[in-house]
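Following: one structure in structure tokens, then a few remarks.
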Amino acid sequence: MKCPLCFLQQRGRSFGMGEMPFETAVAAIQEYEDGLEEVIPSTMGEPLLYSNFSRLLDFCSDRRILLNLTTNGTFPGMWGKPAGYEKLLRACSDIKISGLAFECGDVQGAAFDERTWKENVERLLECRLQLVREGETRLSTVSLQMTLHRKNACRAEEILRWAEAVGVHRIKWNPVVFLSVADRRLVAEYGLEKFDLEELRGRLVSTKLKCGGSLFFEKKLAGCGTAEKEKISECAFRDEIWILPDGSEQNCPNPERRFGNPESERAQCENCVMRG
């Protein structure tokens, strides 16, 4: 899948570190195991294609550490079968399914459309429902992660109503993010204006599932009596550690710092732990 909005596509080159060795992942988990709440396999690719994903899942499950998974919804190989669904549902805290894959229409050279994407989501939800019927209670929630942009904003409410009907637990609505190095033509083609975001906040509400994501960050701050430009007292990611494929660590997931220009203003906030 070559999504034009991917940060690697925006900057025009690969990350350059290759795949994380399994031993590196194990070492990181062991180092922070005390107090570790969950592991997020964030790959700038499809986590289920990671050659050691099944081993990682088993390693974490043996230690009762849950994975917070974001997948593109293709569920390749064993992961698209009932046994694969069951393994994921038992081992994860949340399975977030991104909508960008069906928008691209092509995954690893094979056609992948919205209908197939929806069918995969529905199969996962049906598998979860069957496990609940059989008495299982400790199962992952199923969420959608939708990147809002100029081309799909008009269909967002349609996706919301479908998600409500099939039993999705939550949707994260995240407006598209551009790196400072992104082609201006890409920004013009996919970018949203501030009035678009205000309108979307009013439309994308539900009484049947939780709506969250960065679309609502400003609204949440305003509701707490915090002005839009007021300084936040502490970093929102202060309790997270990001391990890169070479084993190095970062405390900040800001894509501008990692994939764009680390010297730009976008690369840090007022409370950035990596400032300086």
Side-chain angles (χ1 to χ4, degrees), residues 1-17 40-47 68-73 94 96-104 143-156 159-160 170-201 203-204 211-222 228-229 231-232 235-238 240 242 244 250-275:
M1 185 176 86
K2 290 188 177 181
C3 172
L5 301 179
C6 171
F7 297 128
L8 301 184
Q9 293 290 335
Q10 286 189 38
R11 75 177 192 168
R13 65 184 190 279
S14 67
F15 195 34
M17 289 191 179
I40 304 173
S42 178
T43 66
M44 288 311 298
E46 172 49 48
N68 188 325
L69 176 68
T70 299
T71 174
N72 62 22
D94 185 46
K96 283 179 288 297
I97 304 165
S98 170
L100 284 176
F102 76 76
E103 291 186 32
C104 294
S143 304
L144 302 182
Q145 182 158 292
M146 307 302 297
T147 299
L148 294 165
H149 54 76
R150 186 182 300 275
K151 292 186 175 184
N152 70 6
C154 63
R155 296 198 57 231
I159 293 290
L160 172 60
R170 179 180 67 145
I171 302 182
K172 290 184 69 177
W173 300 104
N174 297 326
V176 59
V177 173
F178 297 104
L179 300 177
S180 62
V181 297
D183 191 306
R184 294 301 93 187
R185 291 170 296 181
L186 183 73
V187 178
E189 184 178 359
Y190 286 93
L192 290 167
E193 302 294 338
K194 188 170 183 178
F195 65 82
D196 294 321
L197 300 179
E198 293 291 348
E199 193 262 343
L200 286 166
R201 287 190 193 102
R203 284 170 42 208
L204 301 180
C211 286
S214 58
L215 174 67
F216 299 100
F217 282 2
E218 286 185 16
K219 182 177 180 181
K220 183 176 181 181
L221 291 175
E228 181 180 341
K229 295 184 179 180
K231 293 181 181 179
I232 308 304
C235 175
F237 301 98
R238 65 191 183 281
E240 298 184 2
W242 299 80
L244 303 188
Q250 289 184 358
N251 292 91
C252 178
N254 187 328
E256 183 66 37
R257 175 179 289 277
R258 192 172 299 171
F259 305 109
N261 177 10
E263 303 301 321
S264 75
E265 290 185 1
R266 299 186 191 182
Q268 57 190 3
C269 69
E270 291 292 336
N271 303 284
C272 185
V273 295
M274 300 178 72
R275 176 180 287 277

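The first residue in the sequence is number 1, and the count goes up from there.
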- request: Would you check, one step at a time, whether the test side chain to side chain contact (heavy atoms under 4.5 Å, CB included) holds for Thr70 with Ile40?
  value: CA-CA 8 Å; Thr70 299; Ile40 304 173; 5.8 Å; no
statement: Those residues at least two apart in sequence (or on a different chain) that pass side-chain contact (heavy atoms from CB on, under 4.5 Å) with Asn261 are Ser180, Glu256, Glu263, Ser264
Closest approach of Trp242 to Ser42 (non-hydrogen atoms, all atoms of both residues): CZ3-CB, 3.9 Å
statement: The side-chain contact (heavy atoms from CB on, under 4.5 Å) partners of Val177 (sequence neighbours excluded) come to Phe7, Pro255
query: How would you list, by chain and number, every residue that makes a salt bridge (Lys or Arg N to Asp or Glu O under 4.0 Å) with Asp196, sequence neighbours excluded?
result: none
query: Can you check whether Phe216 reaches Arg201 side chain to side chain, under 4.5 Å on heavy atoms?
result: yes
field: pair Leu69-Pro47: side-chain heavy atoms closer than 4.5 Å
entry: yes
Residue list, salt bridge (Lys or Arg N to Asp or Glu O under 4.0 Å) with Lys96, at least two apart or on another chain: Asp94
For the student: nearest non-hydrogen atoms of Leu5 and Gln10, plus distance: O-NE2, 2.9 Å
Results of ring-ring contact (aromatic ring centres under 6.0 Å, His included) for Phe178 - residues two or more places apart only: none
statement: For Val176 and Gly191 the tightest heavy-atom approach is CG1-CA, 4.4 Å
Side chain to side chain contact (heavy atoms under 4.5 Å, CB included), paired with Trp173, selected from Leu160, Thr147, Leu197: Leu160
Partners meeting side-chain hydrogen bond (donor to acceptor under 3.5 Å, both in side chains) with Arg155 (sequence neighbours left out): Glu114, Glu158
- prompt: Once you round to the nearest 0.5 Å, how far does CZ of Arg11 lie from CZ of Phe259?
  reply: 7.0 Å
- request: Quick one: pull up CG in Leu148 and OH in Tyr190 and give me the separation to the nearest 0.5 Å.
  value: 14.0 Å
- request: Report the C-alpha distance between Lys172 and Leu144 in whole Å, list the side-chain angles of each, state the deciding distance to 0.1 Å, and finish with yes or no for side chain to side chain contact (heavy atoms under 4.5 Å, CB included).
  value: CA-CA 6 Å; Lys172 290 184 69 177; Leu144 302 182; over 6 Å; no
- prompt: Passes side chain to side chain donor-acceptor pair (under 3.5 Å), His149 versus Glu103? Steps please.
  reply: CA-CA 11 Å; His149 54 76; Glu103 291 186 32; 2.6 Å; yes
field: side-chain contact (heavy atoms from CB on, under 4.5 Å) partners of Arg184, counting only residues at least two apart
entry: Ala182, Val187
message: To the nearest 0.5 Å, what is the distance between CD1 on Ile97 and CD1 on Ile171?
response: 11.0 Å
- request: Would you please name every residue forming a salt bridge (Lys or Arg N to Asp or Glu O under 4.0 Å) with Arg258, sequence neighbours left out?
  value: none
- prompt: Hey, are Arg185 and Glu189 close enough for a salt bridge, meaning a charged N less than 4.0 Å from a carboxylate O?
  reply: no
message: Quick one, Asn174 and Met146 - any side-chain contact, counting heavy atoms below 4.5 Å?
response: no
message: I need the Gln9 CD to Asp183 CG distance, nearest 0.5 Å.
response: 12.5 Å
query: When rounded to the nearest 0.5 angstrom, what is the spacing between CG in Leu200 and CG in Leu192?
result: 6.5 Å
field: Approximate separation, where rounding is to 0.5 Å, of Asn72 CG and Leu100 CG
entry: 9.5 Å
